[in-house]
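One structure is given here, and the rest of the page talks about it.
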Amino acid sequence: MKKICTLTATVLLASSMAFGGSFQLNLQGIRQTAMGGTGVAWPWDASTIFFNPGGLSRLSGIQAYGSVNIVTPNVKYVQTPTGGYSASSNTHTTTPFAVYVGGPIRKGSKIGVGLGIYTPFGNKLDWGNTWTGRYVVESISLQSFFFQPTVSYAINDMISVGAGFVYARGTVDIEKAIPVQDINGNDGQAKLKGNANGFGFNVGVQIKATEDLQFGVSYRSKVKMDVNGGDATFTVPASLAGNFPNTTFDSKLPLPEILTVGLGYKFTSDLMVQADVVLAGWKTYDSLSFDFAENKSVQDTHDPRSYKNTVAFRLGAHYQIDNQFAIMAGGAYDPTPTRDNLLSPDAVDGNRLTLSCGATYQPLPRLSIMAALNYTTTPKRNTSYDPAGMQGAYQVKSLLPAIGVSYTF
Amino acid sequence: MKKSYLLIAASAALLTFSCKSKIDPEMPSAGQADFSTYVAIGNSLTAGFADGSLYRSGQENSYPNMLAGQFKLVGGGDFRQPLLPGESGWPIAPAAGRFPKRVLDIVVDCKGVASLGPKLYSGLPDTAGSAVNIAAGGPYNNVGIPGIRCIDYDVAGYGMANPYAGRFFSSPMQRPLEAALQPVPTFFTMWLGSNDVLGYATAGGEGANGGIGLSDISPLPVFTATYNKVVESLVNSGRSPKGALINIPDVTAIPYFTTINPKGLVLDATQAAQLSALYAPLGISFTEGPNYFIIEDSTAPGLRRQIKPGEYILITTPGDSLKCGGWGSAKPIPERFVLDAAEVNNVKVATAAFNQVIADNANRHGLALVDANTYLKSLQSGITWNGVTYTPAFVTGGAFSLDGIHLTPRGYALVANEIIRMINQTYQASIPNVDVNKYGGVRFP
């Protein structure tokens, strides 16, 4: 009758820190962002360190580049099948940024070197601590910083290649409620906070077929982010504190390999159009597991995610108005890697449709000031997250401005 | 330069797109039913009984009150409940076996071991005014009466025998059925019949199988006649209501009967040898580790035997007697705390027969049938709802309150959603689910 020392029922239902489809940030260059995320075939500026390291040796000189994006996604949940309950995520702004320095080591050199620091994956989503899915997730914050030293070599006038080594650092911060209530009805709370590390590489080839036609291929490897010894902190009613000792946890977060193939074509000396096809190896994100150092009431968790590989299509155009001004526009279709029955509210995603535009201004030949605007929406999507018995329809919308500046030495 | 103004204009146009997501729930619909006056008929489960008593917040978290809240989205009207004033539980009369509600606390057993367990609420009772008749505030939509059986439902004067009924019945001679018809329902739910087997089971099966005593299983003909009459009276009442009939859960699947493990007599080698010696004349031997408890059985040699799998020891068996009083080993556990195989069979046969009567009524009158029996059995393998998994485990399972029979608010909310599911299906309605996580579960100190 009183054998309730082991609270097996109150296992932490596996939490989730999906670097899901919606957490892939295609925001590593302003011009590219403005052109629907395209950019593998053309070395626009030092951001080619990310988009295609092969282009780095093609720049006109060493360039310093910085950009910042203002991301404020809005996600709405509506209970299904019968509606009735809905919730919107609290809005938080994150600012993914990119900094690049690099180019040919001297004027006319075939060798380019550079360093890029950028944030290819990240997310902040806060549902609050009263919403119906709080036992799955209250808030999640993911950050990643990739440091990429890069070398590039122009084999001849046609072909240039490049390679970068990636060192990734990340942080993860998840909060969720635990279904044990104190005398006043307050839920228990779990907080998982940790740092992650990983390694990878980025290689690319650019082919200048003619003055007007270029091709590009880039491959960014999978980066396995390992969280070792993250802090798991639990707040529970006093009588259960012994069952929920604060402990540490390990986890692994695979960031997928990405292959991009694209071309760019100059229709006129002013108008250029480029298109990319992006294959993302999301299949690697099969499940999300947390291994807690001390297991009492908190059991290790293993959440199926079963992501699918995706193929995204991007299209962009660039129009040079005069020596100082250029405008850009583009669009993209990114199918989601998530499955309809495994969509967790901590990694909401759907097939994304993106429209974008932007402009650059060159007050001096060496200085560019850039701005872009990106609008992304997903259609309403009926899903469930079967491990948590949670059904719902979700929609994501975001309007994302970005600014940047570059200076060529 | 002109073109860059165009760009700015285009950007501004983009900005005027709202970046807020605009999806909305579908408009709920009442379908073919009319929820303007909803009446909930039933026993303690319907009244919102929990933790061994009836108290105000339990009533506020009754499943009929949850349903009424959802019905309001599709034209439902006010829903009056005969609310008690206080939280301590009522009535409190230990001599009559009526105790305040139970709360979870640290309990020290006879061996000095402290653990979490249910304990009687020890604060000052806030029951003043509970016994005052509140019929003037009616008619009441929730006419759930703790303790009522199906066979009581057409008995004049029932309110004089049951204080929960007496406090809101409009006259001492009012029949429960009359109280149910008083608001003139357009829709009703009826979860009646559990007490026609439960009283027998909670008394350890010592009553009669087919009697009208409180510890008996109700006679099937009386049950059938009363159930038929109640449903007919309802569907033929003034506003020809539609409704949902909820069947009887198999009481042997609830923590009241499943919490104490029959094979819970844990012995060391010495104890096993001593008991084996003691029971040698009866041919019973014990081994080191877990053994089946010894129970009283008037038909067994020596009037005792080991309990068998499929038989149950009631949660009310004094824990200290098991741990320190030699119960279940040197002394048999008294029969009134045990549901043996024959008694279990009586319960199961009666439950099946009563449920057949309920299903027949649903078919005959085209009413929704909610198979609470099957639904609550599915708790065995766990019901997961928005991140929380519920099981029938006592305290930790989250679905059952501290009396091991009645549900927690979250348990009631799960049942409410199952009822909504069947109402939607039967009447082509689209009533939204209750947000289970809005309600509370077991509260820990």
Side-chain angles (χ1 to χ4, degrees), chain A residues 1-11 13 72 74-76 78-79 81-86 88 132-136 176-177 179-185 236-240 319 321-322 325 327 329 355 357-359 361 373 375 377 380 387-390 393-399, chain B residues 1 3-4 6-8 10-11 14-15 17-28 70 73 103-107 109 115-117 259-260 315 317 319 383-391 393-398 420 424 430-438 440-445:
Chain A
M1 169 159 171
K2 285 157 192 160
K3 279 188 293 180
I4 48 176
C5 306
T6 52
L7 269 166
T8 49
T10 54
V11 276
L13 246 163
T72 46
N74 177 261
V75 186
K76 188 166 179 186
V78 174
Q79 169 182 295
T82 50
Y85 178 92
S86 64
S88 282
T132 188
R134 62 190 178 276
Y135 302 109
V136 183
K176 63 196 297 183
V180 287
Q181 293 174 309
D182 70 14
I183 228 70
N184 299 313
V236 294
S239 62
L240 299 176
Y319 186 77
I321 297 168
D322 56 29
F325 285 95
I327 55 171
L355 293 173
C357 62
Y361 170 54
L373 197 59
Y375 176 74
T377 182
K380 176 182 171 183
M390 185 161 181
Y394 294 94
Q395 191 180 37
V396 183
K397 282 196 179 187
S398 85
L399 183 65
Chain B
M1 282 303 291
K3 281 175 185 162
S4 47
L6 273 178
L7 174 74
I8 291 162
S11 312
L14 257 181
L15 273 167
F17 272 131
S18 166
C19 25
K20 287 272 179 203
S21 178
K22 283 207 196 93
I23 54 168
D24 285 312
E26 290 161 36
M27 273 297 286
Q70 301 308 100
L73 302 170
V103 293
L104 207 53
D105 206 346
I106 305 290
V107 184
D109 70 10
S115 64
L116 264 180
T259 300
I260 299 179
I315 202 170
T317 312
I383 294 175
T384 301
W385 200 93
N386 284 8
V388 186
T389 299
Y390 300 88
T391 71
F394 191 52
V395 179
T396 56
I420 287 174
N424 284 344
S430 58
I431 300 157
N433 276 334
V434 171
D435 176 11
V436 179
N437 289 351
K438 191 171 88 182
V442 173
R443 295 193 170 181
F444 291 85

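Predicted model, so just to flag it, every value in this text is computed and none were measured. In the text below, chain A, chain B and the rest are named by the order of the sequence lines, each starting its count at 1.
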[X] versus chain A, the contacting section by heavy-atom distance below 4.5 Å:
{"X": "B/Asp105", "value": "neither"}
{"X": "B/Pro445", "value": "both"}
{"X": "B/Val442", "value": "backbone"}

Rounded to the nearest 0.5 Å, the CD atom of A/Gln181 sits from the CG atom of B/Leu104 at a distance of 12.0 Å

When rounded to the nearest 0.5 angstrom, what is the spacing between CG in B/Asn386 and CZ in A/Arg134? 9.5 Å

B/Val388 versus A/Tyr135, closest heavy-atom pair with distance: CG2-CD1, 3.2 Å

Nearest heavy-atom approach of B/Asn433 to A/Pro81 is ND2-CD, 4.3 Å

Out of B/Ile431, B/Ile106, B/Leu73, return the one with the most heavy atom pairs under 4.5 angstrom to chain A. B/Ile431

Between A/Tyr394 and chain B, which part of the residue has a heavy atom less than 4.5 Å away: side chain, backbone, both or neither? backbone

Tell me every residue that passes side chain to side chain contact (heavy atoms under 4.5 Å, CB included) with A/Lys380, counting only those two or more places apart in sequence or in another chain. A/Asn382, A/Ala393, B/Ile23

Are B/Lys438 and A/Thr132 close enough that some pair of their side-chain heavy atoms sits under 4.5 Å apart? no

Side chain proximity check, B/Arg443 to A/Asp182, heavy atoms < 4.5 angstrom: no

